[in-house]
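So the structure is just underneath, and the comments pick up after that.
Lettering of chains follows the sequences in order, A, B, ..., and the numbering in each one begins at 1. Only a predicted model underlies this, so the values are computations on that prediction, with no experimental measurement involved.
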Amino acid sequence: MRLNKFRIKFNREKMDYNFAEIEPKWQKYWEENKTFKTEDDYSKPKYYILDMFPYPSGAGLHVGHPEGYTATDILSRYKRMKGFNVLHPMGYDAFGLPAEQYAMQTGTHPAITTQKNCDNFRRQIKAIGLSYDWDREINTTDPKYFRWTQWIFKQLYSTWFDSDLKKGRPISELPIPDKIEAAGKEAVNNYIGEKRLAYYDNAQVWWCDSCKTVCANEEVLTDGAHEKCGNQVIRKNLKQWLLRIPHYAERLLEGLDDLDWPAGVKDMQRNWIGKSSGAEVDFEINGLGKKLRVYTTRPDTLFGATYMVIAPEHDFVNEIVTAEKKDAVANYIKASALKSDLDRTDLAKEKTGVFTGRYAINPVNNQQIPIWVADYVLMGYGTGAIMAVPAHDTRDFEFAKEFDIPVNCILDPKDVEDRDIILAGDKCWTEDGEYVNSASEETGLDINGLNKTAGIQKTVEWLGENNLGKATDNFKLRDWLFSRQRYWGEPFPVIHWEDGEVTLVEDENLPLQLPNLEEYTPGESGESPLSNAGDWLIVTDKNGRKGRRETNTMPQWAGSCWYYLRYIDPNNTDNIFDVKKEQYWMPVDLYVGGAEHAVLHLLYSRFWHKVLFDLGIVSTDEPFQKLFNQGMILAFAYETATGAKVASDLVEEKDGKYFHIETGEELKQIVAKMSKSLKNVVNPDDVIDKFGADSLRLYEMFMGPLDERKPWAENGVKGVFNFLGKAYRFFADPTNIFEGEEDKDLAKLLHQTIKKVEFDIEHLKFNTGISALMVFNNLAIKKGKVTKETAEIFARILAPYAPHVGEELWSVYGNKKTLSYEPWPVVNESLLQENSYEYPVSFNGKMRYKMEFPLAMPKSEIEKTVLSDERSAKWLEGKTVRKFIFVPKKIINIAVG
RNA sequence: GCGGGCGUGGCGGAAUUGGUAGACGCGCUAGACUUAGGAUCUAGUGCCAUAUGGCGUGGGGGUUCGAGUCCCUUCGCCCGUACCA
């Protein structure tokens, strides 16, 4: 479908809405007057409104960007008029792969590409009329910025987590056990190294062979593809920097409770942190004099354990396996090591495993149960070993059925249809019930007759008393892999000395800049491009000792982890920010962005923030008080009956139906993501050219609720453009404005509109706010004349949405300065007072007619009037009134029958 | 499987939280002004029916004087996640 099917024409004779003149004029005014420069005026209440800053791609802004940006801009403009000191900044998350790949192909330095893209983004953002304080613009690739990213890394490296106090503390305060102290300096250093929040070690990592880099767990998609490029990642063992985020698991989990965040995002983070409560239990291994420790969330089902499983990678495998099973087990381990992770996590596949030939002793009843090796048990979770209770765990049940292992039901489901089948061990039961066969005279444990909660409690107590196990929590959250084999990232301020010592670059030598390179291509086996940087790479200390700089760089998350803090004091050269300013501005009052960052950026940021809080660097425990996810903007797309997608330029519309231009086939209109291949990508620049920035802003807000996904429709832009045109033509025409008293209806609606617009902005319901402005505009035009006071109020309440039209009207009325700091109009409640109400009169819930009554009229009189009204006769005929319902200022309903 | 969200006219969506379903906009229909209209203005527009009226918020059931809204049940779609013991 051709998108340019109409062009806006102006009537040059009359005063018309010429956005192409108005918009650049006011953008220039704001820029020259630094209208939106934010002062650190502590006497005013503050409001910090943050957008997720963009990655400045070569493709420029997408219509998804202005959606969130307009929403925050409306709120910012509104809050300024409400007397708040508003911090509303913008910047660029500019480290990243595309600029580096472009450099590999063309030799253009990533800094040049980045600069160009940032300039383009800035131009586009300014063309939307967003009220950012441009003096606070930041860029993660700017050495003045990443100096402090490196500085924070140093803080992480120099911090340990005190699990008693549940907080991070300076590494200098780490108590060293006497035993370690006695073992010498190396032992002490190793001990400290094990406690640092940042550490360098061999790690099983995800490697993307297409990007030639490692990536974090969070960057690997469900199907094993790299989030950035879609290539399947593989496992590799490399020396890498990691951050001990699991130390903060509990804090990150608890912190979520008090945050005003979307439930979905909170749940995703909870899920990702993955806390489970259970117990660790030790099983004596028969004939080895060794204990095998398992983790279970169901210690209450110990009596039902009929076998055990250890992961193929478990340390004990070789010791446990008996001579005659050695080959079988070795083959199994080899086979599972070859399996891709995708295969291993494929739920549909059948369970596999092999018996080790050895038995363990179940501590609750001293029975011997076989130990198996199976890859459905993962080394990375819990202890890498489980007790298997097939009667009450679906995975164990599947496995037991596969290998003919006994299923002992120990939990009577009671009133359930399949009770007999379950009791016979032919069906798995994972819900609550009453224990049976769960007592042993020999060991003294008896939980028969209890329910699940009581069973768990009693078993855990018993395990503790007998020194066989204890209650334990487990988390899914793993160490955060924090280094990348890339050029275009923050260099680590780290030197590896030839004697094995690792030191950090001194604060006064930060930032550690990136060297200029000829060759940006990473090595095949995981060397970073920086290993080609000869002069930069090698350092010598004053004693002649040689060292090599860390050649990995930080991941893109590093820069975005703390950018909201730098906006507070972006040009501070001595400190990361001024303490007073931080105390004034933090926390962020509202953070708006896409939901795709639910477990990546938003979890990492919270982690860093908590560490900085523990170290006394920031004053709040959480960075973002309220989070709001804007919904994705989609587009209409077309597909054939067989579901084949058709590019939009091959579609024509006839009588509300869609046809293929070439084949004539009727097509179905669907909603899909904008994509180049479907040719339905909308560029904000084009929309501004054709309709203006105010129309773009208004339409993005008018489309629907901010948090919902919704399709772009150009006709909708025309709708809001028509509104702005109508409003402008009416309100900018001096012959429509008079001095005097406002029409009563219009005055009332005006104040209702102020109230509605205010409420809707506060609640981020911009679509209905615009609708209220339209309703008012329609009535004003119908009335034909408005007072200057009304006109000025309209300009002010329209301005947050359509600031260019707002400013233009304001100046038409003779005001010389911007309206950005004019006080928000006060609702005159007395105008909203009603002394009568037009009641809908319903019979059995169906509205039949309307009738006006004074609010003061008593119910009995209203009842009498309504029932004797001639319009009621028809509905009352042959029926008796069962009940007369009267709800003041709501409804009258007569139940008849 | 589990977790989160959604389902309202031809379309995007309203409904101030249990009280007039369909605000506002698009589209469509008719008219006005025009050489012209893809500009602008006016009127109409949930569906069925000639009409009194009937039917309508994915389907079924329930609570209530009254249900898009609450409860039960069922269907469909979207997002996230997955052998986490």
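Taking 4.0 angstrom as the limit, A:K765 places a side-chain polar atom (N or O) nearer than this to OP1 or OP2 of B:A15. Within the 4.0 Å cut-off from OP1 or OP2 of B:U40, at least one side-chain nitrogen or oxygen of A:N722 is found. For the pair A:K883 and B:G66, the criterion of a side-chain N or O lying under 4.0 Å from OP1 or OP2 is not met. At the phosphate of B:A85, OP1 or OP2 sits under 4.0 Å from a side-chain N or O atom of A:S276. Using a 4.0 Å cut-off, no side-chain N or O of A:N844 falls inside it from OP1 or OP2 of B:U64. For A:K266 and B:G3, the shortest distance from a side-chain N or O to OP1 or OP2 is not below 4.0 Å. Contact check, A:Y381 against B:A85: a side-chain N or O comes under 4.0 Å of OP1 or OP2. An OP1 or OP2 oxygen of B:A14 is reached within less than 4.0 angstrom by a side-chain nitrogen or oxygen of A:N767.
For the pair A:K275 and A:K874, both in contact range of RNA chain B, the more 5′-proximal nearest nucleotide belongs to A:K874. Ranked by how close their nearest RNA chain B nucleotide is to the 5' end, A:M268 and A:M387 are led by A:M268.
Taking 90° from 0 as the syn/anti boundary, the base of B:G58 is oriented anti. For B:U64, the base adopts the anti conformation, since its glycosidic angle falls more than 90 degrees from zero.
Across B:G4, B:A21, B:G25, the shortest atom-to-atom separation from the side chain of A:F702 is found for B:G25. Here the side chain of A:K718 is nearest to one of B:A43, B:G27, B:A85, namely B:G27. The side chain of A:A263 approaches B:G4 more closely than any other nucleotide in the set B:C11, B:G4, B:U20. Of the listed nucleotides (B:U20, B:A14, B:G13), B:A14 has the atom at the smallest distance from the side chain of A:T768.
Atom C1' of nucleotide B:G66 and atom CZ of A:F884 are separated by 14 Å, given to the nearest angstrom. Distance, A:M632 CE to B:G5 P: 18 Å, rounded to whole Å. A:Y699 has its OH atom 9 Å from the C1' atom of B:C26, to the nearest Å. Counting to the nearest Å, the C1' atom of B:C26 and the CE atom of A:M774 are 10 Å from each other. Rounded to an integer number of Å, the gap from CG of A:N18 to C1' of B:A39 is 14 Å. Rounding to whole angstrom units, CD1 of residue A:I273 and C1' of B:U81 are separated by 15 Å. Rounding to whole angstrom units, CD of residue A:E431 and P of B:G1 are separated by 14 Å. The distance between atom CZ of A:F843 and atom P of B:G54, rounded to the nearest whole Å, is 13 Å.
Counting non-hydrogen atoms under 4.0 angstrom, A:K850 reaches a base of the nucleic acid. Among the atoms of the strands shown, only primed sugar atoms or phosphate atoms (P, OP1, OP2) are found under 4.0 Å from some heavy atom of A:W875. Contact annotation for A:R709: backbone-only contact, meaning every heavy-atom pair under 4.0 Å involves sugar-phosphate atoms and none involves a base. Heavy atoms of A:N893 sit under 4.0 angstrom from at least one base atom. When heavy atoms are screened at a 4.0 angstrom cut-off, A:V775 is found touching the sugar-phosphate backbone but no base atom. If you check every strand for non-hydrogen atoms under 4.0 Å, A:R848 touches sugar and phosphate atoms only. Across all strands, A:N778 comes closer than 4.0 Å only to sugar-phosphate atoms, never to a base (heavy-atom distances). Nucleic acid contact for A:P705: sugar-phosphate only, since backbone atoms but no base atoms lie under 4.0 Å from a heavy atom of the residue.
B:A15 and B:U29 are spaced 30 Å apart, taking the P atom of each and rounding to whole Å. Between B:U57 and B:G13, the two C1' atoms lie 13 Å apart (nearest whole Å). With C1' as the reference atom, B:G7 and B:G56 are 16 Å apart, rounded to whole Å. If you take atom P in B:C28 and the same atom in B:G22, they sit 24 Å apart, rounded to whole Å. On the C1' atoms, B:C48 is 23 Å away from B:G60, given to the nearest whole Å. On the P atoms, B:G25 is 13 Å away from B:U40, given to the nearest whole Å. Using atom P as the reference point in both B:C6 and B:G61, the two lie 25 Å apart (nearest Å). B:G27 and B:G46 are spaced 14 Å apart, taking the C1' atom of each and rounding to whole Å.
Between the side chain of A:N362 and the backbone N or O of A:L302, at least one donor-acceptor pair lies under 3.5 Å. Formation of a donor-acceptor pair under 3.5 Å by the A:R729 side chain with backbone atoms of A:A727 is not found in this model.
Proximity of the aromatic rings of A:Y638 and A:F636 is defined here by a centroid distance below 6.0 angstrom, and this criterion is not met. The aromatic ring centres of A:F19 and A:Y728 sit 6.0 Å or more apart.
Using the Watson-Crick or G-U wobble rule with both distances under 3.5 Å, B:U64 pairs with nothing in any strand shown. Checking B:C28 for Watson-Crick or G-U wobble geometry (two distances, each under 3.5 Å) identifies B:G44 as its partner. Base pairing of B:A39: no nucleotide in any strand meets the Watson-Crick or G-U wobble criterion (both distances under 3.5 Å). With a cut-off of 3.5 Å on both Watson-Crick or G-U wobble distances, the partner of B:C33 is given as none. Using N1 to N3 plus N6-O4 or O6-N4 for Watson-Crick, or N1-O2 and O6-N3 for G-U wobble, each under 3.5 Å, B:G7 pairs with B:C75. Base pairing of B:U81 is made with B:G1, judged by Watson-Crick or G-U wobble geometry with both donor-acceptor distances under 3.5 Å. Base pairing annotation: B:A49 forms no Watson-Crick or G-U wobble pair, as no partner gives both donor-acceptor distances under 3.5 Å.
With hydrogens and angles ignored, no donor-acceptor pair under 3.5 angstrom links the side chain of A:K890 to the base of B:U20. Between the side chain of A:N715 and the base of B:C26, no donor-acceptor pair of N or O atoms lies under 3.5 Å. No donor-acceptor contact under 3.5 Å links the side chain of A:T297 to the base of B:A85.
The environment of NZ in A:K673 is sparse: at most 12 heavy-atom neighbours from other residues, nucleotides or ligands sit within 6.0 Å. In this structure, A:M851 places its CE atom where more than 12 heavy-atom neighbours from other residues, nucleotides or ligands lie under 6.0 Å away. At most 12 heavy atoms of other shown residues, nucleotides or ligands fall within 6.0 angstrom of atom CZ in A:R882.
Ring-plane geometry between A:F403 and A:F399 is classed as tilted, the angle between the planes lying from 30 to 60 degrees on a 0 to 90 degree scale. In this structure, A:F721 and A:Y17 have tilted ring planes: the angle between them lies in the 30° to 60° band.
Listed by first then second residue, pairs satisfying side-chain hydrogen bond (donor to acceptor under 3.5 Å, both in side chains) with a partner in residues 768-784 of chain A read A:D743-A:K783, A:D745-A:K783, A:D760-A:T768, not counting sequence neighbours.
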